[in-house]
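Read the structure below first, then the notes.
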4 protein chains.
Amino acid sequence: MTEVGRRGPKRNEQARIAILQATSARVLENGYDQLTIEGVAADARVSKQTIYRWWPSRSALVAECLAERMLLTEFFVPEDSGDLRADVIRWLENIIGFLGSPGNSGLLRSLLIAATENTEVATHLNERLGMWEMLGERFTAAIEADQLPADTPLAELGDALMGALVVRDLRGAGFDNGFAKNLAILLLPA
Amino acid sequence: MTEVGRRGPKRNEQARIAILQATSARVLENGYDQLTIEGVAADARVSKQTIYRWWPSRSALVAECLAERMLLTEFFVPEDSGDLRADVIRWLENIIGFLGSPGNSGLLRSLLIAATENTEVATHLNERLGMWEMLGERFTAAIEADQLPADTPLAELGDALMGALVVRDLRGAGFDNGFAKNLAILLLPA
Amino acid sequence: MTEVGRRGPKRNEQARIAILQATSARVLENGYDQLTIEGVAADARVSKQTIYRWWPSRSALVAECLAERMLLTEFFVPEDSGDLRADVIRWLENIIGFLGSPGNSGLLRSLLIAATENTEVATHLNERLGMWEMLGERFTAAIEADQLPADTPLAELGDALMGALVVRDLRGAGFDNGFAKNLAILLLPA
Amino acid sequence: MTEVGRRGPKRNEQARIAILQATSARVLENGYDQLTIEGVAADARVSKQTIYRWWPSRSALVAECLAERMLLTEFFVPEDSGDLRADVIRWLENIIGFLGSPGNSGLLRSLLIAATENTEVATHLNERLGMWEMLGERFTAAIEADQLPADTPLAELGDALMGALVVRDLRGAGFDNGFAKNLAILLLPA
DNA sequence: ACGTAACCGAGACGGTACGTCTAGTCTTTCA
DNA sequence: TGAAAGACTAGACGTACCGTCTCGGTTACGT
């Protein structure tokens, strides 16, 4: 990855940071569709070319913001208290609390749109929400502990959990109090 | 609503239809982000002003296309064969088949993006995908027939079913063969 | 002109007046190039069609305003005191004073532009500024009184007088104190 | 004024020329009021933004065309044959000939309209028509040669000459044969 | 130490689409 | 049937960004 023996100045790290910060700020404030390269360049006091040199697209900027934890700063890892349902409920409530907090309104929606344009964004989104790897691990552990039938279709289970979150958020309906609990009861055995 | 006794010419219905048809065609062909007012106006052989007179935004056009059933043309009503699981599986497979058919690739993604911009689109989308009107009835019937516990949280059930579809589609992962069946087994009692 | 025996309502004189008043007001305030049919219609609370029905063009409106003395309200007739030069100087100063008064800044320019589009405006402009008919009479009287050589080319004399006013105004240079006097001395014998 | 050491690409001179040529051509062909930025951009094969970047308005384009001698190409310098009247008559006839030639019909009117919108156009127009620079010199020479009284108000003389031309042209009356001669006789001593 | 390759800012450029405005024409309803 | 209200096509307006490009200046490695 690191180009050895190349001439010329090193990549300006300050510029890179400034660009990602400007990107994050704009996504958080106005959403992904209001994100413009020119705006980021202006905010970061950087020339457009410096952005285009390193990122191929708007969505790539967002992907790197995710990778750098400048968006979705929290990493949601389900605990393993022994009680699967309780753990999943807590995990859901954490995410719901994060998405509902003042600074993050519309963030998931923005990221979903970016994710439709860019697979990397989708990957990071899944990772950060702890969806596939972390939740998967928790489920495997649950199967081993006989809290979950061995033939549970884990992919579908994950999609249903995540999907319920997503469609609620997309609909703009907000999350009522019992949502996490009801969903967990519905999908997981006691 | 109906303005009584107003002077002046009536709204040109042909123009309205042509605009919505052009909108639908462009969304289906190139997706929502390639949809431009100028393009629609050109296709519909109408002046831009006629579009701006009646619709405030790009997304409002799409919302009306949905309302007029020019997008998501097929309406999926689950049957009531007495076997809830089987009915839901068939319903899921219908939708999957529709979403996967050549003309509709990316359609859901487009509509979801439009839905993030416009609450009406979101509403129509929820309605159209049959969740509330159609699946709701089926679930109520199932409760009455003791195929579903009376305390099942129907909203969460619907979100989980629909959401699983949505995230799969968004992820671009495609639907494998067992998806509908696995999902139904996961969410519904035998 | 008057259509005899025709049925239906008569032309609405109030509308006509309102249209001309709106036209005059707009020309005086913002100049001829800011004059729009839509603006006049809005000001006069009249439909566009009512304007188009009776006037073929923007400039025709201005022409009628001139004819109705709603623009260039003062009529400049040179006196005949026996002293031609003095009379012309007074006449020039009257016009200069009028053109320079607060409400009329740019008016001549506006009317000149309208005149290039519409012969009627040109005619009215000439009439109203007293040029041809009124100044012509004064010159004829001067010839008879031996204050002006009989072979003076009156058309050129008038053009030179009027033209000097016009180019000064167009240039936006303003009229200095001696202008009227100098011009009269230059063009007329003592 | 000249930006020293500025970075970035230089202004494209070819584009500038093409824009001014397109402007000139359109003014000559269809007059100033038919001049549109979009038309110029299309003719010059240049984007609209390139025009708006460098010129604030339609009239500024015309002003620069005048400054670049792409309009009113011929520069009328009065000769000095020793006979002031004869020189002025020839000068007037040259201008009349130019204004009356097929390609230039309406040109003066166009420029006058532009001049009412833009002081620079007015200035260039005065300059170009030779009044101040060129005719002024001829008059000074005439005063030195005792062909013109030393106290002749040159500004008014110029305005009268130029103004007579202008109002004739604006009136659309055309120039009859004796015009130049009569005017010169009227304004200048033998 | 010098050359040179790459970085960076600034910003011009051809484009596309935006949403607005006005021109004229045409249609409908009221009085 | 005149006038109002206003829908309609047409097309220019001036703005915002796009992604590419060209400069001039500046590192900092490699010979």
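The chains referred to below are lettered A, B, ... by the order of the sequence lines, with proteins before strands, and numbering in each begins at 1.
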Side-chain donor-acceptor pairs of residues 37-47 of chain A under 3.5 Å, sequence neighbours excluded:
| residue | atom | partner | partner atom | Å |
| --- | --- | --- | --- | --- |
| A/Glu38 | OE2 | A/Lys48 | NZ | 2.9 |
| A/Asp43 | OD1 | A/Arg26 | NH2 | 3.4 |
| A/Asp43 | OD2 | A/Arg26 | NE | 2.8 |
| A/Ser47 | OG | A/Gln49 | N | 3.3 |
| A/Ser47 | OG | A/Thr50 | N | 3.4 |
| A/Ser47 | OG | A/Thr50 | OG1 | 3.4 |

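With sequence neighbours excluded, no residue forms a side chain to side chain contact (heavy atoms under 4.5 Å, CB included) with D/Ser105. For B/Ser57, the side-chain hydrogen bond (donor to acceptor under 3.5 Å, both in side chains) test picks out B/Ser59, with sequence neighbours left out. Evaluation of the salt bridge (charged side-chain N to carboxylate O under 4.0 Å, His left out) rule for C/Glu64 yields C/Arg16 as partners, not counting sequence neighbours. Under the side chain to side chain contact (heavy atoms under 4.5 Å, CB included) criterion, B/Arg109 pairs with A/Thr116, B/Asp169, B/Leu170, not counting sequence neighbours. Partners of D/Thr119 according to the side chain to side chain contact (heavy atoms under 4.5 Å, CB included) rule, which considers only residues two or more places apart in sequence or in another chain, are D/Thr123. By the salt bridge (charged side-chain N to carboxylate O under 4.0 Å, His left out) test, C/Arg171 is found to be paired with D/Asp159, residues two or more places apart in sequence or in another chain being considered. In this view, B/Glu120 satisfies the salt bridge (charged side-chain N to carboxylate O under 4.0 Å, His left out) rule with no residue, not counting sequence neighbours. Applying the side chain to side chain contact (heavy atoms under 4.5 Å, CB included) test to B/Thr73 and every residue at least two apart in sequence or in another chain returns B/Phe98.
Against DNA chain F, the stretch residues 10-34 of chain A makes heavy-atom approaches under 4.0 Å through A/Lys10. Within residues 51-58 of chain D, the residues that have a heavy atom under 4.0 Å from DNA chain E are, in order of number, D/Arg53, D/Trp54. Interface residues of residues 37-50 of chain A facing DNA chain F, ordered by number: A/Ile37, A/Glu38, A/Lys48, A/Gln49; criterion, heavy-atom separation under 4.0 Å.
How far CD1 of D/Ile113 is from CG of C/Asp33: 9.5 Å, rounded to the nearest 0.5 Å.
Positionally, the nearest nucleotide of DNA chain E for A/Pro9 lies more toward the 5' end than for the other of C/Leu35 and A/Pro9.
At whole-Å resolution of the value, CZ in D/Arg7 and P in E/dA10 are 7 Å apart.
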